[in-house]
S.K.: 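Quick one: the structure is below, and I'll ask about it shortly.
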Amino acid sequence: MLVAPSRFPLQRFPPRRLRLAPGSPMASTLAILRPSAPAPLARPWGRVAAPATARVALSSRSRYSSARVSLGSEVAVGDALFADYKPTTAFLFPGQGAQTVGMGAEAQSVPAAAKLFNQANDILGYDLLDLCTNGPKEKLDSTVISQPAIYVTSLAAVEVLRARDGGEDVINSVDVTCGLSLGEYTALAFAGAFSFEDGLKLVKLRGEAMQDASDAANSAMVSVIGLDSEKVQELCDAANEEVDEKERVQIANFLCPGNYAVSGGVKGIEVVEAKAKSFKARMTVRLAVAGAFHTSFMQPAVSRLESALAATEIRTPRIPVISNVDAQPHSDPDTIKQILAWQVTSPVQWETTVKTLMGKGLEKSYELGPGKVIAGILKRINKGAIIENIGA
């Protein structure tokens, strides 16, 4: 359940500043959630055509622009292979913040799902299932643990669904997939772009690199509740006028109407919180995350991801996987690698992604993994959205 309804009596409620414990229901909803031979989850469910992309240059914007991402390079924002995709059934995968102690327990009754946790233990070097099912909560909530935990549990949920009556038919009917921040790696694994093992190695490194980048700077995130994205941008602009360059803020997660996450230096975040009342926000919620995800504060993580991605075999996905960076599907493996590296410093375009899918005719979605954050988001964007949760 989301804390931010789509409409608010803005004149009546002064903003409140909340600090949430990691893993609390509200924190799980608001946190950003913001990656050989095919493993069981990379089964050849459909024929894969040769990649073909149409490349255009993205327009450059300010380092702190929320509307577009300044990538400083050419990127395939149009894709010939998936240009005319018409989604009917989607698999949606959660990101960081969805983790809860006890997840993964159901997967142990399904051999194929349980096997994923055993494989993960060998790659990670610790007992992931024990942390998922028993905690402690503080350790599970850490960036370096929660990201691999959510990735594995979400893909285990696919196997839980497969084991159900009619589950294989549902899986075969999926014609588009995407994930919130971290969940994009899960979606790519499901779509066969890389193996379960290679994806887990990338996610492990991603979590470590993001944690290290967070430790290197005094940064934070806050959700602004009750404003549209333009007003939140104006709030960020006003805050940036009062702080040094290194403390500046930007919208980092376009989640859903009335709920946008802002990232930046701690001083900038504090100014956002202080000014929110004058912009008629309902409240601000400081997020229990390691640092300013999806901003330039994560730049130290990019080179590490680029090196790991360069050494990873990535194939053309068998179905469209919608990118968090530009809300577009991409088929070219090199382009996918570039976008995954840029993703940690780029705003998450989740609202645009969901609206685009629904505008193209999406009929039903499945949220696979811990929690029901994505289901809540979809209902905020479109009350008539049909979505089913599959846990593990």
Side-chain angles (χ1 to χ4, degrees), residues 22-23 27-28 31-35 93-101 103-104 116-117 119-132 135-156 179-189 194-217 219-221 252-253 261 263 287-295 297-309 311-312 324-325 337 339-346 348 369-371 373:
S28 295
I32 304 306
L33 301 141
R34 267 75 117 77
F93 296 99
Q96 187 174 344
Q99 70 276 357
T100 56
V101 174
M103 68 185 195
L116 296 180
F117 282 92
Q119 290 175 296
N121 292 345
D122 295 335
I123 293 170
L124 299 173
Y126 56 82
D127 191 336
L128 179 65
L129 178 62
D130 180 62
L131 285 171
C132 287
K137 179 179 177 299
E138 293 75 18
K139 190 169 184 179
L140 180 62
D141 286 340
S142 68
T143 299
V144 295
I145 300 295
S146 63
Q147 293 199 20
I150 293 167
Y151 172 86
V152 175
T153 303
S154 297
L155 291 175
L180 186 54
S181 188
L182 158 72
E184 185 171 339
Y185 286 76
T186 320
L188 285 163
F194 44 65
S195 69
F196 166 79
E197 294 88 347
D198 285 347
L200 180 56
K201 291 174 185 177
L202 289 173
V203 168
K204 177 179 183 291
L205 182 140
R206 182 182 189 264
E208 294 168 349
M210 291 175 71
Q211 182 65 59
D212 290 345
S214 298
D215 292 342
S219 62
M221 297 186 71
N253 189 346
S263 286
L287 301 182
V289 294
F293 296 169
H294 298 290
T295 70
F297 281 88
M298 293 294 107
Q299 188 62 40
V302 173
S303 60
R304 292 173 63 180
L305 278 168
E306 286 177 334
S307 296
L309 287 161
T312 302
N324 281 263
V325 172
K337 291 181 179 184
I339 286 178
L340 287 178
W342 288 329
Q343 191 219 58
V344 294
T345 59
S346 304
V348 173
V373 173

S.K.: Apply side-chain contact (heavy atoms from CB on, under 4.5 Å) to Ala149 and list each qualifying residue two or more places apart in sequence or on a separate chain.
M.R.: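 Ala149: side-chain contact (heavy atoms from CB on, under 4.5 Å) contacts with Met103, Leu128, Cys132, Leu140.
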
S.K.: Once side-chain hydrogen bond (donor to acceptor under 3.5 Å, both in side chains) is applied, do any residues pair with Glu208, and if so which ones, sequence neighbours excluded?
M.R.: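 Residues passing side-chain hydrogen bond (donor to acceptor under 3.5 Å, both in side chains) with Glu208: Lys204.
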
S.K.: Show the nearest heavy-atom pair for residues Ala120 and Val152, with the distance to one decimal.
M.R.: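 Result for this residue pair: CB-CG2, 3.9 Å.
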
S.K.: Tell me, please, which residues at least two apart from Asp130 pass side-chain hydrogen bond (donor to acceptor under 3.5 Å, both in side chains).
M.R.: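 So Asp130 forms a side-chain hydrogen bond (donor to acceptor under 3.5 Å, both in side chains) with Asn134.
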
S.K.: Counting distance only, does the side-chain N/O of Asp141 pair as donor-acceptor with the main-chain N or O of Ser146 below 3.5 Å?
M.R.: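 No; zero donor-acceptor contacts below 3.5 Å.
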
S.K.: Between Tyr151 and Phe93, is the ring centroid distance below 6.0 Å?
M.R.: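 Ring centroids of Tyr151 and Phe93 are no less than 6.0 Å from each other.
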
S.K.: Atom CZ of Phe196 and atom CG of Leu116: how far apart are they, to the nearest 0.5 Å?
M.R.: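 Output value for this atom pair is 4.5 Å.
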
S.K.: Output the distance between atom CG (Leu182) and atom CD (Gln96), rounded to the nearest 0.5 Å.
M.R.: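 Between atom CG of Leu182 and atom CD of Gln96 there are 7.5 Å.
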
S.K.: Which heavy atom in Ala213 sits nearest to a heavy atom in Ala301, and how many Å separate them?
M.R.: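 Where Ala213 meets Ala301 most closely, the heavy atoms are CB-N, 4.5 Å.
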
S.K.: For the CG atom of Leu205 and the CG atom of Leu200, what is their distance to the nearest 0.5 Å?
M.R.: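 Taking CG in Leu205 and CG in Leu200, the distance rounds to 11.5 Å.
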
S.K.: How many angstroms lie between CG in Asp212 and CE in Met298, if you round to the nearest 0.5 Å?
M.R.: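 Answer rounded to 0.5 Å: 10.0 Å.
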
S.K.: Rounded to the nearest 0.5 Å, how far apart are CZ of Phe293 and CG of Leu287?
M.R.: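 Result: 10.0 Å between the selected atoms.
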
S.K.: So, does Gln99 use its side chain to make a donor-acceptor pair with the main chain of Gly97 at under 3.5 Å?
M.R.: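 Such a contact is found between Gln99 side chain and Gly97 backbone.
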
S.K.: side-chain contact (heavy atoms from CB on, under 4.5 Å) between Val302 and Val344: does it pass, once the steps are laid out?
M.R.: CA-CA 7 Å; Val302 173; Val344 294; 3.9 Å; yes

S.K.: Looking only at side-chain N and O atoms, does Ser142 offer a donor or acceptor that is under 3.5 Å from a partner on Gln211?
M.R.: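 On atom types as modelled, these side chains do not qualify, holding no pair under 3.5 Å.
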
S.K.: Quick check against the 3.5 Å criterion: does Thr345 have a side-chain atom that pairs as donor or acceptor with the backbone of Gln299?
M.R.: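 Here the side-chain-to-backbone pair does not exist.
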
S.K.: Within the side chain of Lys201, is there an N or O that forms a donor-acceptor pair under 3.5 Å with the backbone of Ala308?
M.R.: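 No, because the side chain of Lys201 does not come within donor-acceptor range (under 3.5 Å) of the backbone of Ala308.
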
S.K.: Please evaluate residues Ile145 and Tyr126 with respect to the criterion side-chain contact (heavy atoms from CB on, under 4.5 Å), reporting the C-alpha separation (whole Å), side-chain torsions for both, the decisive distance (0.1 Å), and the verdict.
M.R.: CA-CA 10 Å; Ile145 300 295; Tyr126 56 82; 3.4 Å; yes

